Protein chains: 2
Amino acid sequence: MFKPANKATLHQNVLNQMITAIKENEWEPGSKLPGEQSLANAFEVSRNCIREVLKALELTGIVEARAGDGTYLSENALRNIANSDLVASLFEESTLMELIEARQLLEGQLAYWAAQRASDEEIMNLERILVEEPETPNVEVHYHFHNYLAEIAGNPFLLRLLDSLRTEVSAQRIVFKSWPSTELELFKKDHWEICQAIKERAPEKAQEAMIQHLLRSQNEILERNRREGRRKEA
Amino acid sequence: MFKPANKATLHQNVLNQMITAIKENEWEPGSKLPGEQSLANAFEVSRNCIREVLKALELTGIVEARAGDGTYLSENALRNIANSDLVASLFEESTLMELIEARQLLEGQLAYWAAQRASDEEIMNLERILVEEPETPNVEVHYHFHNYLAEIAGNPFLLRLLDSLRTEVSAQRIVFKSWPSTELELFKKDHWEICQAIKERAPEKAQEAMIQHLLRSQNEILERNRREGRRKEA
DNA sequence: GTCCATTTGTCCGTATGTATG
DNA sequence: CCATACATACGGACAAATGGA
């Protein structure tokens, strides 16, 4: 509930002040900001300390340092700050349920678009993934199918988003190395159903099949989380 | 087209190597990594240089330094790296069309959920936002409506995502300070229609109305971008 | 082009506070 | 309490790059 109340180290303090100043448009984007020595004097710290702060800001693309010239505020510094904030808050403060819901929405829509937009060749490739699936299905094949499906949906932005969403769901839930083979058999059938719907160019059907497929696997996940206990309560 | 070909500075070099090493599971998450002096020897650089790198990694939450103890690889360092990469690539490499498509999907679904999940009180609040809309509508009111709608949909994760999505769409398009009032009148009607659908607890209707609303405004955006020329070609 | 002042890049040495055993 | 190990912080020094006179 409470913040760690970390006794800010010097460079943390300086860093926060710098970020705040940038947020408040202390300097114009693209403009040169005071030299390291100058900043060191202003904050009454050593140049080394300032450098650590500047290098941190550089990593996140907020500033750009040019040797022999100076350090410049990045053209889209504010956007990069916003994005960093997003990364920090996005997943940390999200519940498993929210993420699962989001994944369902995205993956359903991607199946929908795939049915609309896939070329004949892409559909053949999708089928081949299922055909070449080994007798004992595994998780890698599972993801392979989902990934290729998302790819042919033709929205790379959502594909990337979905990808990290899946990673995040995996991170938050209790991970199980192996699904029971009975489950994987069911999933295989689901995949075929989705693939069939895409082949028939039936977007709604594909979307519905995908959502049902996800519901099946996600119920299993939530069920297990309940059984094995939530270890993340602390 | 070409990369800046920056002759990597030392700390850049070290930083990249460190990140690569972390990605390749050189160290266990949560484990203590070698001391600064040790790293300095390994990379054959000064301790100062190492510190700049470590502070940069610390800002992004990849690493945690504890004074008098050591520097530890963050428990979810890999997730943070992945998320940072994601956000960096997410928006940079996405076309305006992809972002608009994604926004449409998200905002439509949020309207859908809002119709399902809103409490009576929340619906009243939503109506009040529209009622209190001034005679000459402005953009702030517009966003106020959309934000509250997303809020009562009850998925904070998607709300946050949508928020930065909108920011990004604004950044990529040619921004216009003021919509023509004729447009804003149309939008106002759209909002009422959406609100009505939510009041009727008609999810599909709300979703459809929202999508139509966005199509209207987005066509306008794309149209203007075409007319005024794409300045981002450089 | 050359020189020169400025600024970042890089290193070293040293002192201090803090955690661990 | 002590010794050790480590991060924190400072100041000085020189190299390398840059931009302007």
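Since the structure is predicted, the reported quantities are computational estimates derived from the model, not experimental observations. Letters go in sequence order (proteins before strands), and every chain restarts at 1.
Both distances falling under 3.5 Å, in either a Watson-Crick or a G-U wobble arrangement, occur for no nucleotide opposite dG1(C). Nucleotide dC1(D) forms a pair with no other nucleotide shown, judged by Watson-Crick or G-U wobble geometry with both contacts under 3.5 Å.
Proximity of residues 28-36 of chain A to DNA chain D (heavy atom under 4.0 angstrom from any strand atom) is not detected for any residue. The stretch residues 49-59 of chain B touches DNA chain D through Arg51(B), Lys55(B), each having a heavy atom under 4.0 angstrom from the strand.
As rounded to whole Å, 14 Å separates atom C1' of dT10(C) from atom CG of Asn13(B). Atom pair His11(B):NE2 and dA16(D):C1' shows a separation of 14 Å (rounding to whole Å applied). Distance, Gln37(B) CD to dT8(D) C1': 14 Å, rounded to whole Å. The distance between atom OH of Tyr72(B) and atom P of dT18(C), rounded to the nearest whole Å, is 17 Å. The CG atom of Asn48(B) sits 12 Å away from the P atom of dT8(D) (whole-angstrom rounding). If you measure from atom CG of Leu10(B) to atom P of dA16(D), you get 12 Å, rounded to the nearest angstrom. Across the protein-nucleic acid pair, Arg47(A) atom CZ and dC10(D) atom C1' stand 13 Å apart, rounded to whole Å.
Arg66(B) comes within 4.0 angstrom of sugar-phosphate atoms only, judged by non-hydrogen atoms across all strands, and of no base. Among the heavy atoms of the strands lying under 4.0 Å from Asp69(B) are primed sugar atoms or P, OP1, OP2 only; no base atom is included.
Residue pairs meeting the side-chain hydrogen bond (donor to acceptor under 3.5 Å, both in side chains) criterion with at least one member in residues 56-66 of chain B, sequence neighbours excluded: Lys55(B)-Glu58(B).
Between dA7(D) and Thr71(B), a contact under 4.0 Å exists linking OP1 or OP2 to a side-chain N or O.
Without hydrogens or angle criteria, Asn16(B) side chain to Gln12(B) main chain gives a donor-acceptor distance under 3.5 Å. Using modelled atom types, no side-chain atom of Glu98(A) and backbone atom of Asn155(B) make a donor-acceptor pair closer than 3.5 Å. At least one donor-acceptor pair under 3.5 Å links the side chain of Ser84(A) to the backbone N or O of Asn80(A).
No side-chain heavy atom of Glu52(B) sits less than 4.5 Å from a side-chain heavy atom of Val14(B).
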TODO: With side-chain contact (heavy atoms from CB on, under 4.5 Å) as the test, would you mind laying out the steps for Met97(A) and Phe157(B) before giving the verdict?
DONE: CA-CA 10 Å; Met97(A) 206 50 226; Phe157(B) 170 82; over 6 Å; no
Could you pull out all donor-acceptor pairs under 3.5 Å where a side-chain atom in residues 104-113 of chain A meets a protein atom, sequence neighbours excluded?
unit_1, atom_1, unit_2, atom_2, d
Glu107(A), OE1, Arg103(A), NE, 3.0
Glu107(A), OE2, His146(A), ND1, 2.6
Glu107(A), OE2, Arg166(A), NH1, 2.8

Report, one line per pair, each donor and acceptor closer than 3.5 Å where one atom sits in a side chain of residues 42-49 of chain B; sequence neighbours left out.
unit_1, atom_1, unit_2, atom_2, d
Ser46(B), OG, Asn48(B), N, 3.4
Ser46(B), OG, Cys49(B), N, 3.2
Arg47(B), NH1, Glu36(B), OE1, 2.5
Asn48(B), OD1, Asn48(A), ND2, 3.4
Asn48(B), ND2, Asn48(A), OD1, 3.2

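Closest to the side chain of Ser46(A), from the set dT8(D), dG9(C), dA9(D), is dA9(D).
Partners of Gln17(B) according to the side chain to side chain donor-acceptor pair (under 3.5 Å) rule, which considers only residues two or more places apart in sequence or in another chain, are Asn13(B).
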